[in-house]
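When a residue number appears, it is its place in the shown sequence, counting from 1. Keep in mind that this is a model prediction, so the values were computed, not measured.
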Amino acid sequence: MIIKLLEQNSEFRDIYEEIYNICRNSERMMGMFSKELEILDRNTVKLMIDELDEALGEEREKVKAIKQERETLKAEKESLEAEMQEAKAEKESLETEMQRTKDEMEAERKRAEEAEKELIRLRAELEKLRK
């Protein structure tokens, strides 16, 4: 079958002779395979590097997103702490005002008691005068 092909197509003859010679020269054949394997290895390494670069890029994006989220949480925490300080100051102000109001009420109660005592005294005096 090969002889028939060689007789029909002269271009095939040149190709067949080259392949036949290559196959007979196993050292050259191994060199060809070694070169092809080297190219394949180089391409595999490039592919792996590209995949690692892509994965690294994705991880960097994740880290960036985490840092931004952390900054946002930090800002929220600071805002809540400021609100808490304001609430604490307002509570202290209300407690101070409440104490002042209690003190004023106590003073008013004492004045009312004194006024009542004075009223009782004056009524007693008035009763004496009426008799």
Side-chain angles (χ1 to χ4, degrees):
M1 184 174 162
I2 292 176
I3 294 173
K4 189 176 181 183
L5 285 171
L6 291 173
E7 289 173 355
Q8 290 175 356
N9 193 340
S10 62
E11 291 177 17
F12 182 71
R13 179 180 203 87
D14 296 334
I15 295 169
Y16 181 76
E17 281 181 20
E18 188 176 335
I19 291 171
Y20 181 75
N21 288 330
I22 290 171
C23 288
R24 288 184 58 200
N25 187 348
S26 59
E27 190 174 309
R28 184 172 174 204
M29 187 82 147
M30 294 307 281
M32 251 179 46
F33 284 125
S34 293
K35 192 178 279 187
E36 292 301 318
L37 286 173
E38 182 181 329
I39 292 169
L40 184 62
D41 284 347
R42 201 171 337 146
N43 289 341
T44 302
V45 168
K46 284 180 183 178
L47 177 65
M48 291 173 82
I49 288 172
D50 290 345
E51 288 174 350
L52 287 173
D53 280 344
E54 186 178 323
L56 181 61
E58 290 172 2
E59 290 302 316
R60 283 183 177 150
E61 289 298 319
K62 287 178 185 176
V63 168
K64 186 178 178 182
I66 289 170
K67 283 181 180 179
Q68 287 176 341
E69 185 177 345
R70 191 170 83 196
E71 290 299 319
T72 301
L73 290 174
K74 184 178 178 183
E76 288 177 7
K77 177 186 172 194
E78 289 172 357
S79 174
L80 288 173
E81 286 175 346
E83 287 179 24
M84 191 169 78
Q85 289 293 349
E86 289 175 12
K88 188 176 180 181
E90 186 176 340
K91 176 186 170 196
E92 289 173 358
S93 173
L94 288 172
E95 286 175 346
T96 302
E97 186 176 336
M98 190 170 78
Q99 186 60 43
R100 184 180 53 81
T101 303
K102 280 182 181 179
D103 293 345
E104 286 176 0
M105 285 176 60
E106 183 63 27
E108 286 296 318
R109 187 185 61 74
K110 284 182 181 179
R111 272 191 280 158
E113 284 176 0
E114 288 175 11
E116 191 174 330
K117 285 179 186 177
E118 182 67 19
L119 182 62
I120 291 172
R121 187 188 63 80
L122 287 174
R123 278 187 186 158
E125 199 174 305
L126 182 63
E127 250 339 282
K128 270 189 192 176
L129 290 174
R130 279 190 186 164
K131 287 184 184 182

A.B. asks: Give, for atom NZ of Lys62 and atom CD of Glu69, the distance between the pair rounded to the nearest 0.5 Å.
C.D. replies: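 These two atoms lie 13.5 Å from each other.
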A.B. asks: Apply salt bridge (Lys or Arg N to Asp or Glu O under 4.0 Å) to Glu11 and list each qualifying residue two or more places apart in sequence or on a separate chain.
C.D. replies: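 If we apply the salt bridge (Lys or Arg N to Asp or Glu O under 4.0 Å) test to Glu11, skipping adjacent residues, there are no hits.
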A.B. asks: Can you tell me how far CD of Glu83 sits from CD of Glu76, rounded to the nearest 0.5 angstrom?
C.D. replies: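 Those atoms lie 10.5 Å apart.
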A.B. asks: With rounding to the nearest 0.5 Å, note down the distance linking CZ in Arg123 to CZ in Arg130.
C.D. replies: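 Rounded to the nearest 0.5 Å, the CZ-CZ separation comes to 10.5 Å.
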A.B. asks: State plainly whether the residues Glu38 and Arg42 are in salt-bridge range, i.e. N to O under 4.0 Å.
C.D. replies: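 Yes.
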A.B. asks: Quick one: CE on Met48 to CG on Asp41, what's the gap to the nearest 0.5 Å?
C.D. replies: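 One finds 10.5 Å between CE of Met48 and CG of Asp41.
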A.B. asks: Do other residues, nucleotides or ligands put more than 12 heavy atoms under 6.0 Å from the CD atom of Glu116?
C.D. replies: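 Check fails, neighbour count at 12 or below.
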A.B. asks: Hey, what do you get for CD1 (Ile66) to CZ (Arg70), rounding to the nearest 0.5 Å?
C.D. replies: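 Answer for the CD1-CZ pair, Ile66 versus Arg70, is 9.5 Å.
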A.B. asks: Show your reasoning for whether side-chain contact (heavy atoms from CB on, under 4.5 Å) applies to Arg121 and Glu118.
C.D. replies: CA-CA 5 Å; Arg121 187 188 63 80; Glu118 182 67 19; 2.2 Å; yes
A.B. asks: Only pairs at least two apart or in different chains count here, so list each side chain to side chain donor-acceptor pair (under 3.5 Å) that has a residue in residues 88-101.
C.D. replies: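 Side chain to side chain donor-acceptor pair (under 3.5 Å) check on residues 88-101 returns Gln99-Asp103, Arg100-Glu104.
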A.B. asks: Under 6.0 Å from the CZ atom of Arg109, do we count more than 12 heavy atoms belonging to anything else shown?
C.D. replies: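 Yes.
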A.B. asks: Would you say the side chain of Leu40 lies within less than 4.5 Å of the side chain of Glu36, judging by non-hydrogen atoms?
C.D. replies: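 Side chain of Glu36 against side chain of Leu40, heavy atoms only: no contact under 4.5 Å found.
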A.B. asks: The criterion is side chain to side chain donor-acceptor pair (under 3.5 Å); which residues satisfy it with Glu114, sequence neighbours excluded?
C.D. replies: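 Side chain to side chain donor-acceptor pair (under 3.5 Å) check on Glu114 returns nothing, list empty.
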A.B. asks: Measuring from Ile49:CD1 to Thr44:OG1, what's the distance to the nearest 0.5 Å?
C.D. replies: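 One gets 11.0 Å once the value is rounded to the nearest 0.5 Å.
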A.B. asks: Check this for me, if you would: do Lys110 and Glu113 make a salt bridge, where the nitrogen-to-carboxylate-oxygen distance has to be below 4.0 angstrom?
C.D. replies: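 Salt bridge between Lys110 and Glu113, a charged N being under 4.0 Å from a carboxylate O: no.
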